[in-house]
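One is the number of the first residue; the rest follow in order along the sequence.
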Amino acid sequence: MALIVRDYDEAIRFFVDVLNFELVADEQLAEQGKRWVLVAPPGSGPDDTTILLAQARNDEQAISIGNQSGGRVFLFLETDDLDRDYVDMIKQGIRFVREPATHAYGKVAVFEDLNGNHWDLIEYS
C-alpha cells in the first residue's frame, strides 16, 4: 500500500524512530526522480504488508497528504498489548484522537500519523 507523504526523510524518521517500524528499502530511482521507500511494522516477515512512502510530486498529490481517506481511519496497527503501546506512543508525542476503548472484538484507540492520517491501534480479543 502507498502512503503519500510530504518528505521522504521526515516520514522515515517518524515511522522508524517514533513508531519503531523497520526500514525495508530506501533506493534512489534517479531516472524517475524519486525514491523507493518501504517501511514495515517491527517483526514483519517478507510476506507481510509494507508501506510505500510516496513523496507528493505535485499540488494535486499534495492535497491528499494527511487526508487520503477523507478523515476516516484507513490504517490498522495490530498490537499484543494496547495499554503498553498506548503509553509508549504518548511518550513519543503521538497524538491520539480517540482514547482506548474496549469492544466485543478487542481494544482500540485512534491516533494520527505525522501528516494527520488516522490509524487504529488495535488489540484483538
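- The nearest pair of heavy atoms linking Glu10 to Asp7 is N-OD2, 2.8 Å.
- Residue Leu77 forms a side-chain contact (heavy atoms from CB on, under 4.5 Å) with just one option from Asp85, Leu121, Asp120, and that option is Leu121.
- Scanning all heavy atoms of the two residues, the minimum distance from Asp80 to Glu123 falls at O-OE2, 3.6 Å.
- A continuous path of Ile, Leu, Val, Met, Phe, Trp and Tyr side chains, each step under 4.5 Å between heavy atoms, connects Leu23 with Leu3, placing both in one hydrophobic cluster.
- Heavy atoms only, all atoms of each residue included: Ala109 and Leu82 are closest at N-CD1, 3.9 Å.
- The structure places CD of Gln61 at 4.0 Å from CG of Asn58, a figure rounded to the nearest 0.5 Å.
- Here the CZ-CG distance, from Phe15 to Asp113, works out to 5.0 Å after rounding to the nearest 0.5 Å.
- The shortest non-hydrogen separation linking Asp48 to Gly43 is OD2-O, 4.5 Å.
- How far CD of Glu112 is from CG of Leu75: 12.5 Å, rounded to the nearest 0.5 Å.
- A distance of 6.5 Å separates CG in Leu114 from CZ in Arg6, rounded to the nearest 0.5 Å.
- Judged by distance alone, with hydrogens and angles left aside, the side-chain atoms of Ser125 form a donor-acceptor pair with the main-chain N or O of Tyr105 at under 3.5 Å.
- Residue Phe74 is grouped with residue Phe21 when hydrophobic side chains (ILVMFWY) are merged at heavy-atom distances under 4.5 angstrom, including chains of intermediate members.
- Under the 4.5 Å side-chain heavy-atom criterion for grouping Ile, Leu, Val, Met, Phe, Trp and Tyr, Leu19 is not connected to Val110 through any hydrophobic cluster.
- The two residues Gln68 and Asn117 make their nearest non-hydrogen contact at N-OD1, 3.5 Å.
- Note: Asp83 CG to Lys107 NZ = 3.5 Å, rounded to the nearest 0.5 Å.
- One hydrophobic cluster, built from ILVMFWY side chains closer than 4.5 Å, cannot hold both Ile94 and Ile122; they sit in different ones.
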Please list every donor-acceptor pair under 3.5 Å in which a side-chain atom of residues 25-38 meets a protein atom from a residue at least two apart or in another chain.
| unit_1 | atom_1 | unit_2 | atom_2 | d |
| --- | --- | --- | --- | --- |
| Asp26 | OD1 | Arg35 | NE | 3.0 |
| Asp26 | OD1 | Arg35 | NH2 | 3.3 |
| Asp26 | OD2 | Arg35 | NH2 | 2.8 |
| Gln32 | OE1 | Lys34 | NZ | 3.3 |
| Arg35 | NH1 | Asp9 | OD1 | 3.2 |
| Arg35 | NH2 | Asp9 | OD1 | 3.0 |

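- A continuous path of hydrophobic side-chain contacts links Ile12 to Ile51 [ILVMFWY only; heavy atoms under 4.5 Å].
- Rounded to the nearest 0.5 angstrom, Phe111 CZ and Tyr86 OH are separated by 12.5 Å.
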